[in-house]
Engineer: 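Here it is: the structure, laid out below.
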Amino acid sequence: MAKNKRAESRTRYFIKSQAIKRGWNSNHPSKLGDCLEEQEIANFIPDIGIGVERPDFLFLLHFKPCMIVEAKNEMSKIDFAL
């Protein structure tokens, strides 16, 4: 039997749903939200200095970065994320 392969997109969906449950607004800051996704980070905060490797989520508090969340589909990839 083949090993179960989980899509990282499921992990990203789970992270977003958990953030919403905890009171975060998952909208883009331009819509008064708290959340930037991977491809949006450098566009919204050009001088953030994260280079080519971007985290999956950047949560903002009062429009300032406060928490980075990286999504992985396997526990074995957690060291790389850190």
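Heads up: numbering here begins at 1 and tracks the sequence.
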Engineer: Locate the shortest heavy-atom distance separating Ser26 from Cys35; write the atom from each residue and the value.
Structural biologist: O-CB, 3.7 Å

Engineer: In a check of side chain to side chain contact (heavy atoms under 4.5 Å, CB included) between Leu58 and each of Leu36, Val69, Asp34, which one passes?
Structural biologist: Leu36

Engineer: For Glu70 and Asp56, which heavy atoms make the closest approach, and how far apart are they?
Structural biologist: OE2-OD2, 3.0 Å

Engineer: Glu37 and side chain to side chain contact (heavy atoms under 4.5 Å, CB included): which partner among His28, Lys16, Arg54?
Structural biologist: Lys16

Engineer: Using every non-hydrogen atom in the two residues, find where Ile45 and Pro65 come nearest and quote the distance to one decimal.
Structural biologist: CD1-CG, 3.8 Å

Engineer: Of the non-hydrogen atoms in Phe44 and Ser30, which two are nearest, and what is the gap between them?
Structural biologist: CE1-N, 4.5 Å

Engineer: Check for me, please, whether Ile68 and Leu60 land in the same ILVMFWY cluster - side-chain distances under 4.5 Å, paths through other members count.
Structural biologist: yes

Engineer: Under a single-linkage definition using a 4.5 Å side-chain heavy-atom cutoff for Ile, Leu, Val, Met, Phe, Trp and Tyr, are Trp24 and Ile15 assigned to the same hydrophobic cluster?
Structural biologist: yes

Engineer: Go through the steps to decide whether Phe57 and Arg12 satisfy the test side chain to side chain contact (heavy atoms under 4.5 Å, CB included), and finish with yes or no.
Structural biologist: CA-CA 9 Å; Phe57 295 98; Arg12 292 171 67 96; 4.1 Å; yes

Engineer: Please step through side chain to side chain contact (heavy atoms under 4.5 Å, CB included) for the pair Leu32 and Phe63, ending with a clear verdict.
Structural biologist: CA-CA 9 Å; Leu32 303 179; Phe63 297 98; 4.1 Å; yes

